[in-house]
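Report on the structure given below.
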Amino acid sequence: MKQPKDKYEVVSEMGKRRGYFWQSYEIYGGVGGFITYGPLGSLLKRRLEEKFRRFYLQPLAILEIETSVIMPENVLEASGHVENFKEPTVECTKCKRKFRADHLLQEFGEMTDTETEKMALQSVVDELKSHNIRCPDCGGDFNKAEQFMTMFTTTIGPYSDSVGYGRPEAAQGIFVEFKRIFESARGRLPLGVAQIGHALRNEISPRQGPVRLREFTIIDIEFFFDPEDKKCLIINDVGDETLRFVLAENKLKGITEPVTITIKEALNKGIIKEEWQAYFMAQAKRFLVEMGVPEDQQRFIEKLDYERAHYSMQGFDQEVYLERWGWTEVSGHNYRTDFDLSRHMKASGVDLTAFKESEDGGKRFVPHVIEPSFGLDRLVYVALEYAYTKRNKRTVLSLPRDLTPMQVSVFPLMNKDGLLEKADEVYHLLVNEGFTVDWDSSGSIGRRYARADEVGTPLGITIDYGTLEDGTVTLRDRDSWKQVRSKLAELPSLLHGYFCNRLNFEDLGQIIER
RNA sequence: GCGGUCGUAGUCUAGCCUGGUUAGGACCCCGGCUUCCCAAGCCGGGUACUCGGGUUCGAAUCCCGGCGACCGCACCA
C-alpha cells in the first residue's frame with residue numbers, strides 16, 4: 001500500500017469522494033463483487049448507455065427488450081448453463097492446492113472437453129486415478145471432488161421447490177422470447193435484438209472493483225440471420241477500419257504481439273468467418289475510440305477452442321489496456337450459430353424457425369446468431385480511467401462531452417450585488433432547456449473551476465457584473481481553460497450545438513484574453 | 001477458498017513496539033468576511049481509531065474471531 005498510487009487507486013478515491021462509485025454495503029463492512037453508483041456515476045452510466053444506443057443499436061434498427069433476472073431452471077438447463085456453469089474442482093491431499101479437474105484431464109489425460117463435460121463428479125475422480133494424474137506441483141494425489149456453481153440459485157414462490165437462477169447473461173431472455181419478438185418484427189431478417197440489464201455470476205473471488213462484479217450490467221445483442229444469406233450489406237462502411245488482432249495460431253506459438261489488419265483483409269483471409277461479426281467488431285472498436293480509448297490501447301483476442309463458451313463457434317474478446325490489470329476484456333464477439341434457438345426448440349417443443357419464401361415454395365430454418373456482448377460497468381470504469389488526467393497538479397476528468405454527468409456548471413462570480421439572483425435565473429433557463437446543470441457558489445472562482453474539472457463538467461458559465469450590464473456571460477472550457485464571452489440569449493442554441501458536436505468551444509463566443 | 005501483509009475522518013497520515021491527556025497534523029468539506037476569473041487570505045465549524053468479544057482499574061495500542069483491502073496461488077465458462 002506504500003507504493004505510488006496507480007490509476008485504479010486514484011480513480012477509486014475520486015469516485016468515492018465525488019460520488020461516481022464505491023463498494024456496496026460499506027456501513028456493514030462491504031461485500032466484494034457489488035458496487036454502488038453514486039449520483040454522478042449513475043448519470044455517467046446512463047449517458048454511456050444512451051450513447052451506445054445511438055451508436056450501436058439505432059443505425060441497424062436493433063430492437064430492445066427487457067426480461068426478468070430470475071430464470072426458471074428449465075431455461076438454463078436447455079441453454080446448457082446448468083451443466084457448464086459448474087466447475088469440478090479437486091484438491092491435492094498433500095499441498096492443498098485446488099485445480100480444475102476437467103483441465104487436468106484435458107491436459108494430462110488427453111481427454112477432450114466434450115468428454116470431460118459429460119462426466120459425473122465421482123467419475124472425474126476415478127478418471128484422474130486411472131490416468132494416474134498427480135498434483136502437477138508436488139506430486140501428491142487427489143481424493144475428493146467438489147462442484148462450484150457460479151450461478152446464483154434461488155427458489156421461485158414461497159413454498160415451491162421449483163429452482164430458479166439469477167441469469168448469468170441477458171442473452172437467454174432474448175432467445176426464450178424470440179418467437180414473439182420475431183412476430184412483432186413481422187418476420188424480418190436479419191433482425192437484431194438487444195437487452196441491457198443486470199446479470200449475476202457468483203464469482204469465487206472478485207477482487208477487481210468495477211471490473212469484476214457478481215452483479216453487473218450486461219449489454220447483449222443477438223443478431224439473427226439466415227445462414228444461407230449472410231451478407232452484411234453495410235460491410236463497406238467498415239471495410240478499411242483496422243483492428244489489432246492476437247490470433248489463435250500465434251497464441252499457440254506463444255506470440256502475443258498483435259497484427260494490424262483491415263476488416264476487408266480479415267474477412268478475405270478467413271480470420272473472421274462472418275461478415276456481420278466483422279461489422280460489429282469494427283463498430284466496437286470505433287465506439288471505444290469515441291469513448292476516449294486510442295486504437296493502440298485496444299486489441300481483439302481470438303479465443304482458442306477450449307477457451308470458448310459452450311455455445312460459441314468462433315469468438316473474439318475485445319480488450320482495453322488498464323494500468324492495474326493490463327489487458328482487460330470489455331466485450332465478447334461470438335458466433336453462437338443456431339445453438340441456443342435449437343436447444344430451446346428441442347426442450348420446449350415450440351417451433352422457433354423462420355420461414356423464407358422462394359420460387360420452389362420456401363424453406364424453414366433456425367436463424368443463426370452473431371452476438372456482441374459488452375460489460376457496461378467495465379466501460380464506465382474504462383471511460384473514467386482514460387479521462388483521468390492532471391493539469392497543474394489539478395485533476396481534470398476529460399470525459400467526452402456526450403458522456404459527462406454534468407454538462408454545465410453555473411458560477412455567480414460574487415455572492416452579492418444581485419449576481420446570485422441573476423445566476424439563479426441562468427440556472428433555470430438552462431435546466432428548462434433540458435441541460436444537466438450544476439450550481440456552485442462556494443469558495444473562490446478558481447476553486448469552483450477546479451471542482452468542476454475534477455468531475456469532468458466541460459463548460460463553466462460565470463455570471464459577473466458584465467452580465468448585469470449587457471447580458472453576456474463567460475464560458476470556460478474544462479480542457480484548455482480558455483474563455484469566451486457570449487450572449488445569454490443565445491446560450492441555449494449554442495449549447496445544444498456544442499453538445500451534439502456541431503460546434504467547438506471556440507465557436508461559442510468571443511475569445512477572452514486575460 | 002488457501003498463504004502472506006494490512007485496516008485511524010471524504011483523502012493522506014502521526015500515535016501502536018513499551019496500554020494511561022480533550023487521538024495530533026495536512027489536504028478537503030461547510031458557514032462568514034474578503035475577493036472582478038483558475039484550489040489565494042483571515043475567522044469559525046465538521047467528520048476517524050473496521051466490527052464483535054477477551055485481558056485490564058484503564059485498550060487505537062495486547063490476545064481471539066468476523067468483515068474488508070492488497071500481493072501470490074486458484075478461479076474468471
Side-chain angles (χ1 to χ4, degrees), chain A residues 1-3 5-6 8-10 12-19 22-33 38 79-87 89-92 95-100 102-103 113 117 137 146 148-151 168-169 201-209 211-214 303 306-312 315 317 324-325 328-329 332 334 375 391-396 411-417 419 441-454 460-469 473-478 481-483 485 512 514:
Chain A
M1 283 286 274
K2 290 286 145 62
Q3 276 109 33
K5 292 179 186 174
D6 63 17
Y8 171 66
E9 210 167 338
V10 291
S12 300
E13 275 170 16
M14 188 278 294
K16 270 193 219 171
R17 197 156 32 82
R18 304 306 304 269
W22 55 82
Q23 188 181 31
S24 300
Y25 312 112
E26 267 183 329
I27 64 165
Y28 289 102
V31 181
S79 70
H81 284 85
V82 172
E83 202 180 344
N84 285 281
F85 261 67
K86 278 182 191 151
E87 287 151 10
T89 57
V90 287
E91 194 182 84
C92 170
C95 68
K96 303 288 176 205
R97 197 160 279 190
K98 285 192 176 184
F99 297 91
R100 280 278 293 272
D102 51 340
H103 286 180
D113 55 345
E117 220 169 68
D137 276 14
E146 280 174 359
F148 185 78
M149 164 68 93
T150 40
M151 285 197 290
E169 56 173 17
R201 295 179 192 182
N202 202 359
E203 301 282 355
I204 295 172
S205 155
R207 286 182 194 169
Q208 300 167 18
V211 167
R212 230 170 118 217
L213 296 170
R214 291 189 165 118
K303 304 299 267 184
Y306 66 87
E307 291 174 328
R308 281 201 306 271
H310 59 279
Y311 47 70
S312 173
D317 278 354
R324 176 174 291 195
W325 296 297
T328 305
E329 178 188 353
N334 284 293
R391 177 168 178 161
N392 296 2
K393 291 190 180 175
R394 286 165 32 168
T395 301
V396 179
F411 307 121
L413 189 60
M414 299 290 152
N415 287 330
K416 57 179 185 186
D417 303 328
L419 288 174
S441 58
S442 153
S444 70
I445 189 71
R447 179 175 292 268
R448 286 179 268 166
Y449 288 152
R451 281 198 281 250
D453 286 345
E454 195 187 13
I461 301 180
T462 305
I463 289 26
D464 53 29
Y465 291 96
T467 314
L468 301 179
E469 282 163 27
V473 293
T474 306
L475 296 185
R476 171 192 178 268
D477 178 44
R478 174 195 68 196
W481 298 4
K482 283 184 188 155
Q483 299 188 326
R485 192 132 193 114
I512 306 173
R514 282 195 204 276

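Quick note on labels: first sequence line is chain A, next is B, and so on, each numbered from 1.
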### Query
Does A:Gln483 get its side chain close enough to the base of B:rC37, under 3.5 Å, for a donor-acceptor pair?
yes
### Query
What about A:Arg212, does its side chain sit under 3.5 Å from the base of B:rC75 through a donor-acceptor pair?
yes
### Listed partners of A:Arg476 passing side chain to side chain donor-acceptor pair (under 3.5 Å), at least two apart
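With sequence neighbours excluded, A:Arg476 shows a side chain to side chain donor-acceptor pair (under 3.5 Å) to A:Asp453, given in chain and number order.
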### All side chain to side chain donor-acceptor pair (under 3.5 Å) counterparts of A:Ser12, not counting sequence neighbours
none
Take atom [atom1] of [X] and atom [atom2] of [N], then tell me their distance rounded to the nearest Å.
X        : N      : atom1 : atom2 : answer
A:Arg448 : B:rA39 : CZ    : C1'   : 12 Å
A:Tyr449 : B:rA40 : OH    : P     : 14 Å
A:Glu9   : B:rG10 : CD    : C1'   : 15 Å
A:Leu475 : B:rC38 : CG    : P     : 17 Å
A:Leu419 : B:rC37 : CG    : P     : 13 Å
A:Lys393 : B:rC38 : NZ    : P     : 18 Å
A:Gln208 : B:rA69 : CD    : C1'   : 13 Å
A:Arg214 : B:rG1  : CZ    : C1'   : 11 Å

### Task
Answer yes or no: does a side-chain N or O of A:Gln23 lie under 4.0 Å from OP1 or OP2 of B:rG68?
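Answer is no, no contact under 4.0 Å.
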### Query
Side-chain N or O of A:Arg447 less than 4.0 angstrom from OP1 or OP2 on B:rC28?
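Yes, such a contact exists.
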For [N], which nucleotide in any strand shown is its Watson-Crick or wobble partner with both distances under 3.5 Å?
N      : value
B:rG19 : none
B:rU61 : none
B:rC27 : B:rG10
B:rU35 : none
B:rU5  : B:rA69
B:rU55 : none

### Query
Toward the 5' end of RNA chain B, which comes first, A:Pro206 or A:His81, by nearest nucleotide?
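The 5'-side residue here is A:Pro206.
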### Task
Would you mind telling me which residue lines up with the more 5' stretch of RNA chain B, A:Asp477 or A:Arg451, judged by nearest nucleotide?
A:Arg451
### Task
Would you indicate what A:Arg476 reaches in the nucleic acid, counting non-hydrogen atoms under 4.0 angstrom: base, sugar-phosphate, or nothing?
base
### Task
Nearest 0.5 Å please: distance from the CZ atom of A:Arg212 over to the CD atom of A:Glu203.
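Reported value, rounded in 0.5 Å steps: 4.0 Å.
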### Message
If I take atom NZ from residue A:Lys482 and atom CG from residue A:Leu475, how far apart are they, to the nearest 0.5 angstrom?
### Response
14.0 Å
### Query
When every nucleotide of nucleotides 31-36 of chain B is labelled 5' to 3' by its protein contacts under 4.0 Å (heavy atoms), B for base, S for sugar-phosphate only, - for none, what sequence of letters results?
S---BB
### Message
So if I define the base as every atom that isn't primed, P, OP1 or OP2, how would nucleotides 44-51 of chain B read as a B/S/- string at a heavy-atom cutoff under 4.0 Å?
### Response
--------
### Task
Can you figure out which of B:rU11, B:rC37, B:rC70 approaches the side chain of A:Arg324 most closely?
B:rC70
### ring-ring contact (aromatic ring centres under 6.0 Å, His included) partners for A:Tyr311, two or more places apart
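Listed in chain order: nothing, the list is empty.
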### Message
Just to verify, what does A:Trp325 make a ring-ring contact (aromatic ring centres under 6.0 Å, His included) with, not counting sequence neighbours?
### Response
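Counting only residues at least two positions away or on another chain, A:Trp325 forms a ring-ring contact (aromatic ring centres under 6.0 Å, His included) with A:Tyr8.
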Provide the distance between the two [atom1] atoms, one in [N] and one in [M], to the nearest whole Å.
N      : M      : atom1 : value
B:rC16 : B:rG20 : P     : 8 Å
B:rC33 : B:rU47 : C1'   : 24 Å
B:rC62 : B:rC43 : P     : 38 Å
B:rA60 : B:rG7  : C1'   : 11 Å
B:rA26 : B:rC67 : C1'   : 30 Å
B:rG46 : B:rA39 : P     : 27 Å
B:rC70 : B:rC12 : P     : 13 Å
B:rU50 : B:rA59 : P     : 15 Å

### Task
Have a look at A:Glu454 and tell me which of A:Arg478, A:Arg18, A:Arg394 forms a side-chain hydrogen bond (donor to acceptor under 3.5 Å, both in side chains) with it.
A:Arg18
Salt bridge (charged side-chain N to carboxylate O under 4.0 Å, His left out) with [X]: which residues, sequence neighbours excluded?
X        : result
A:Arg308 : A:Asp305
A:Arg201 : none
A:Arg391 : none

### Message
Test your reading of the model: is there a side-chain donor-acceptor pair from A:Gln23 to the backbone of A:Val31, 3.5 Å cut-off?
### Response
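A pair under 3.5 Å: yes.
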### Query
Do any N or O atoms from the side chain of A:Asp464 and from the backbone of A:Gly466 form a donor-acceptor pair under 3.5 angstrom?
yes
